[in-house]
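Treat the numbers as computed from the prediction; the structure is a model and nothing was measured.
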Amino acid sequence: MGDASTQDKSARTTAQIEADIERTRDRLTGTLDELAVRVHPSTISAQVKAKAAAAVEERTARAYVAASGVVEKVRAQFVDEKGQPRRERIVPAALVGVGLVLLVASARKRRKG
């Protein structure tokens, strides 16, 4: 069998060899063009930008999920299972908030005066 394939290759015409060379050149040209596009600065820049955007988007999504969890935990402290406000928890929290606002306002007034 090895003799037959050797004979087939040796029996090729010049035109067949030239056609093979031309096909090989075309494939090589395509490969070189693809490599040129891959290593072009604008391609690399676009890839880096896309990766950075994806990383920012992923971190933003994680932060959103974490913040949503925190908000839900805080909400659960001030609303019962039926969705009704828990006045026994809201009133003290509101008073603390008002006290902090008054404290900050008082401190600012002292700095100006």
Side-chain angles (χ1 to χ4, degrees):
M1 281 189 126
D3 294 330
S5 59
T6 305
Q7 286 178 345
D8 289 343
K9 287 186 180 181
S10 64
R12 294 187 323 156
T13 64
T14 304
Q16 290 172 328
I17 294 170
E18 288 174 352
D20 285 346
I21 291 171
E22 188 60 33
R23 280 191 297 273
T24 302
R25 280 187 186 145
D26 289 344
R27 283 195 312 267
L28 183 57
T29 299
T31 302
L32 290 174
D33 289 345
E34 184 180 334
L35 287 172
V37 168
R38 285 184 184 181
V39 299
H40 194 275
S42 63
T43 303
I44 294 170
S45 174
Q47 290 173 342
V48 169
K49 286 179 185 177
K51 285 181 182 179
V56 167
E57 187 174 318
E58 181 182 346
R59 285 195 175 125
T60 302
R62 286 182 182 177
Y64 178 78
V65 169
S68 294
V70 169
V71 167
E72 191 57 37
K73 285 180 183 178
V74 170
R75 183 180 180 280
Q77 296 297 316
F78 297 102
V79 178
D80 64 14
E81 299 79 27
K82 295 178 184 178
Q84 298 298 315
R86 294 181 176 177
R87 287 187 175 82
E88 71 277 3
R89 292 188 179 174
I90 293 174
V91 172
L95 291 174
V96 169
V98 169
L100 287 174
V101 169
L102 292 174
L103 184 65
V104 169
S106 172
R108 285 187 180 175
K109 194 182 272 189
R110 285 185 203 161
R111 283 190 214 151
K112 287 184 181 181

Quiz prompt | Point-to-point distance, once rounded to the nearest 0.5 Å, from CG of Leu28 to CD1 of Ile21 | solution = 12.5 Å
Quiz item: Would a distance-only check, ignoring hydrogens and angles, find a side-chain to backbone donor-acceptor pair under 3.5 Å from Ser106 to Leu102?
Solution: no
Quiz item: Mind checking whether Val74 and Ile90 sit in one hydrophobic cluster, side chains of I, L, V, M, F, W, Y counted as touching below 4.5 Å?
Solution: yes
Exercise. Any chance you could pull the hydrophobic cluster mates of Val91, using side-chain heavy atoms under 4.5 angstrom and chaining through other members?
Key: Leu95
Practice problem: For Val39 and Ile44, work out which heavy atoms get closest and say how close. | Solution: O-CD1, 3.5 Å
Quiz item: In Å and rounded to the nearest 0.5 Å, what is the CD to CZ distance from Glu88 to Phe78?
Solution: 10.5 Å
Practice problem: Mind jotting down which residue pairs meet the side chain to side chain donor-acceptor pair (under 3.5 Å) criterion with at least one end in residues 61-79? Sequence neighbours excluded, please. | Solution: Glu58-Arg62, Gln77-Arg89
Exercise. Determine which pairs satisfy salt bridge (Lys or Arg N to Asp or Glu O under 4.0 Å) with at least one residue from residues 26-45, sequence neighbours left out, and list them in order.
Key: Glu34-Arg38
Quiz item: Can you tell me how far the CD atom of Glu81 sits from the CZ atom of Arg86, to the nearest 0.5 Å?
Solution: 5.5 Å
Quiz item: CD of Glu22 to OG1 of Thr29: how many Å apart, nearest 0.5 Å?
Solution: 8.0 Å
Self-check item: Nearest non-hydrogen partners of Ala11 and Gln16, listed with the distance
Solution: O-OE1, 4.4 Å
